[in-house]
Amino acid sequence: MAQTKLWSKRAKKGHTARSVIEESCDYVKDEKKTKDISISLVENDDEDFAADDITHTVLKYVVNTKKTKLEEIFVSGINCEPATVDSEFMEVKEFWNKTDKNILWHGEQGFKPGEIDPHTAHEIGRKLAQKMWGDKFQILVTTHIDKAHIHNHFVFNSVSFVDGKKYHYDYSEIYRLRRESDKLCREYGLSVIETPKSKGISHYEWENGGNPKTVRGLIKEDISTCF
């Protein structure tokens, strides 16, 4: 079961387009959230042993001093390199002279806890990003694995490197994102939300845990007071 969200990032007062890009990209690339560390057995070159000797193999594993930690960071770039994504975004913006208003777009795809592993989640995230925006935009795709619910982040440039046009957003894009995400989930044998219970809330409300002190919450309180 995957849930999706999409919102824009603008340059606030006192911030530049570059600072907005750097802040967003640094957050989604955070190694504390994207790094997976596993233990792998390095080939033992001390002596040969029978391939079917299971007991011997297990003992060799647990006493092997050549075990090593393999680190894998779930960070990928589409039409850009993760290490230089900040500069690459800015190069496109400056080339087309579009460094104001919507600086970038940020999307999320969250999975049901326990239903997916990091590798599969990242693979699905890359495919979803390519399908949605890969033909025209630079995209940073990361998978956060520091929480019980594995989730993907998509940060993509608001300006197309193909024709310089800005990403055209309307509500149909939200549904297209959900539709493509559900399609991939079904292909991978994952559950999907067949009948969403609500029309959704704003990103601000989502960030605040549905706090009723949002603008929408305050309006509801006022209406309740009047009746």
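Worth saying up front: this structure is predicted, and the values here are computed from it rather than measured.
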**Q** Please check if atom NZ in Lys131 has more than 12 non-hydrogen atoms from other residues, nucleotides or ligands closer than 6.0 Å.
**A**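 No, the 6.0 Å shell around NZ holds no more than 12 heavy atoms from other groups.
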**Q** Does Cys25 offer a backbone N or O that forms a donor-acceptor pair with the side chain of Asp86 under 3.5 Å?
**A** no
**Q** Within the distance-only criterion (no hydrogens, no angle test), does the side chain of Asn157 pair as donor or acceptor with the backbone N or O of Val92 below 3.5 angstrom?
**A**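 No, Asn157 side chain to Val92 backbone: no donor-acceptor pair under 3.5 Å.
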**Q** Main chain of Met132, side chain of Arg176: is a donor-acceptor contact present, judged purely on distance under 3.5 Å?
**A** yes
**Q** Assess whether atom CG of Asp170 is packed by more than 12 heavy atoms of other residues, nucleotides or ligands within 6.0 Å.
**A**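 Yes, enclosed.
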**Q** Look only at the side chain of Lys98 and the backbone of Gly164, and say whether a donor-acceptor pair between them is shorter than 3.5 Å.
**A**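 The answer is yes, because a donor-acceptor pair under 3.5 Å joins these two groups.
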**Q** Identify, with sequence neighbours excluded, every residue that meets ring pair (Phe, Tyr, Trp, His ring centres under 6.0 Å) alongside Tyr169.
**A**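 Only Trp105 meet the ring pair (Phe, Tyr, Trp, His ring centres under 6.0 Å) criterion with Tyr169.
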**Q** For His153, enumerate each residue passing the ring pair (Phe, Tyr, Trp, His ring centres under 6.0 Å) test, keeping only those at least two apart in sequence or located in another chain.
**A** Tyr27, His106, His144, His151
**Q** Between Phe161 and Phe137, is the gap from one ring center to the other below 6.0 Å?
**A** no
**Q** Just so I know, are the side chains of Phe154 and Leu128 near enough to count as touching, which here means a heavy-atom distance under 4.5 Å?
**A** yes
**Q** I'd like to know if the side chain of Lys93 and the backbone of Ile103 have a donor-acceptor N/O pair within less than 3.5 Å.
**A** yes
**Q** Under 3.5 Å, side chain of Ser158 to main-chain N/O of Tyr167, donor-acceptor pair present?
**A**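 No, Ser158 side chain to Tyr167 backbone: no donor-acceptor pair under 3.5 Å.
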